[in-house]
Amino acid sequence: MKLVVVGSSGFVGKEVVRQALASPAITSVVGLSRRETPVPESLKGSSDADKLTSVVVDDFLNYSDTVKQHLADADACIWLMAVTPNKSASMPWEEVRKVCLDYTIYGLEELSKAPRNDRSKPLRFVYVSGANAERDPTKKPWLLGEYIIMRGEVEARVLDFAKTSNNAIEACIVKPGFIRDAEHGNFLLNAFQNVLSSVIRIPVVYLHDVAATLLAQALEGIEKETLECADIDRIGSSKKQAIEK
Ligand SMILES: NC(=O)c1ccc[n+]([C@@H]2O[C@H](COP(=O)([O-])OP(=O)(O)OC[C@H]3O[C@@H](n4cnc5c(N)ncnc54)[C@H](OP(=O)(O)O)[C@@H]3O)[C@@H](O)[C@H]2O)c1
């Protein structure tokens with residue numbers, strides 16, 4: 001299967017690419033980002049780095065013909081491109097909204113139009129949001145309210161797009177809490193995350209489990225419309241057990 005990963009240069013994107021290159025069921029990984037997608041470090045022995053094609057996109061609201069060609073025949077897309085809350089504070093709000101919302105919807109439109117050999121099955125679109133993103137605009141929280149409602153709006157727009165896509169797109173929203181890298185963790189950052197997690201009641205999930213959950217939806221099929229942190233823990237640990245068997 002051919003997988004497109006948008007936002008492949010980022011923290012989660014690199015782990016998704018690392019796991020995808022190790023999966024025999026994935027024959028091609030197209031990493032779309034504003035800069036080159038590196039071949040991940042610490043690839044497993046069975047990984048095939050040649051499956052990765054790095055595609056640098058200059059304009060996320062107007063794909064070049066080359067970018068469109070790379071979308072052809074994709075079976076699934078994992079969408080990780082967004083401005084995260086910590087980075088959003090240093091950017092104009094309109095820019096944050098454009099990257100998170102407009103780029104995603106434009107990407108979905110292009111993916112739904114991309115030529116595919118087998119149009120009998122929809123393209124699986126796995127959108128990564130956040131545990132606290134809120135789809136109900138009347139429930140705007142006092143902290144990061146505008147951001148949280150905007151990410152909820154993206155979730156709703158992605159699901160609506162899929163429902164009206166005439167079977168071109170099947171969508172799933174994955175909502176991680178704080179994502180922790182168990183292998184390269186920083187003690188102070190982890191301690192800070194633990195405090196924040198208990199104060200604002202957002203769980204910590206592990207990077208490996210998040211990437212494994214995203215890939216399971218893309219490869220094996222979408223389990224349900226929205227996956228929460230408990231689902232990420234469950235699917236992530238079942239994948240670990242499968243690997244250890
Ligand atoms: N990290 C967490 O703890 C966490 C928790 C919950 C949810 N999430 C969600 O998971 C997703 C991925 O997060 P992440 O931690 O991997 O974030 P990240 O490291 O900042 O990566 C985000 C991706 O988006 C790209 N991007 C950011 N601003 C852009 C812009 N203006 N134009 C084009 N591309 C842009 C980044 O490109 P560059 O690499 O060039 O910057 C990168 O490819 C996001 O939706 C995030 O909200 C993350």
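We count ligands from 1, going down the list as the structure has it; atoms in each ligand are counted the same way. The figures that follow rest on heavy atoms only: side chains count, while hydrogens, waters and symmetry mates do not.
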Within the 4.0 Å heavy-atom cut-off, what V99 brings close to ligand 1 is side chain
Determine the interplanar angle of the F125 and Y127 rings, folded into 0 to 90°, and report it as parallel if under 30°, tilted if 30 to 60°, perpendicular if over 60°. parallel
Would a 4.5 Å heavy-atom cut-off, applied to side chains only, mark L227 and C172 as touching? yes
When you look at L108 and W79, which way does the side-chain contact (heavy atoms from CB on, under 4.5 Å) test go after all the steps? CA-CA 10 Å; L108 257 175; W79 192 281; over 6 Å; no
How close does the nearest protein non-hydrogen atom get to atom 21 (O) of ligand 1, and which residue and atom is it? G10 CA, 3.4 Å
Regarding ligand 1, does V12 bring an N or O atom to under 3.5 Å of one of the ligand's N or O atoms? yes
By number and element, which atoms of ligand 1 are closer than 4.0 Å to a non-hydrogen atom of G177? 5 (C), 6 (C)
Only heavy atoms of R151, strictly under 4.0 Å: list the atoms of ligand 1 that pass. 45 (O), 47 (O)
side-chain contact (heavy atoms from CB on, under 4.5 Å) between S23 and L219, intermediate numbers included: CA-CA 10 Å; S23 166; L219 260 175; 3.7 Å; yes
Which residue owns the protein heavy atom closest to atom 26 (N) of ligand 1, what's the atom, and how far is it? M81 CG, 3.9 Å
Has the side chain of D209 got a donor or acceptor atom that lies under 3.5 Å from a matching backbone atom of I232? no
re atom 43 (O) of ligand 1, the protein heavy-atom contact at minimum distance is S9 OG, 2.8 Å
Short N or O distance, E95 and ligand 1, threshold 3.5 Å exclusive: no
Tell me, do L71 and L32 make a side-chain contact under 4.5 Å, heavy atoms counted? yes
Test item: E110 and V67 side chains (from C-beta on) under 4.5 Å apart, heavy atoms: no
Write down the atom of A20, the atom of L215, and the distance for their closest heavy-atom approach. N-CD1, 3.7 Å
Looking only at protein heavy atoms, which one is nearest to atom 33 (C) of ligand 1, and what is the separation? R34 CD, 3.5 Å
For atom 27 (C) of ligand 1, what is the closest protein heavy atom, and at what distance to 0.1 Å? A82 O, 3.4 Å
Nitrogen or oxygen of T84 less than 3.5 angstrom from that of ligand 1: no
F60 N/O to ligand 1 N/O under 3.5 Å: no
If you define the side chain from C-beta out and look only at heavy atoms, does anything of L61 sit under 4.5 Å from K98? yes
Can you tell if the side chain of F60 reaches within under 4.5 Å of the side chain of R34, non-hydrogen atoms only? yes
With atoms numbered from 1 as shown, which atoms in ligand 1 lie under 4.0 angstrom from a non-hydrogen atom of S33? 43 (O)
Taking the side chain as every heavy atom from C-beta outward, state whether R151 and K175 have any atom pair closer than 4.5 Å. no
Any N or O on V83 sitting closer than 3.5 Å to an N or O of ligand 1? no
Does a side-chain N-to-carboxylate-O contact under 4.0 Å join E153 and R157? yes
Minimum-distance protein heavy atom relative to atom 20 (O) of ligand 1: K87 NZ, 2.8 Å
min-distance protein heavy atom vs atom 48 (C) of ligand 1 -> I179 CD1, 3.7 Å
Polar atom proximity, F11 to ligand 1 (N or O, under 3.5 Å): yes
Quick check: does Y103 get an N/O under 3.5 Å from an N/O on ligand 1? no
I need the nearest protein heavy-atom contact for atom 23 (C) of ligand 1: residue, atom name and distance, please. L80 O, 3.8 Å
So which bit of S129 gets within less than 4.0 Å of ligand 1, heavy atoms only: side chain, backbone, both or neither? backbone
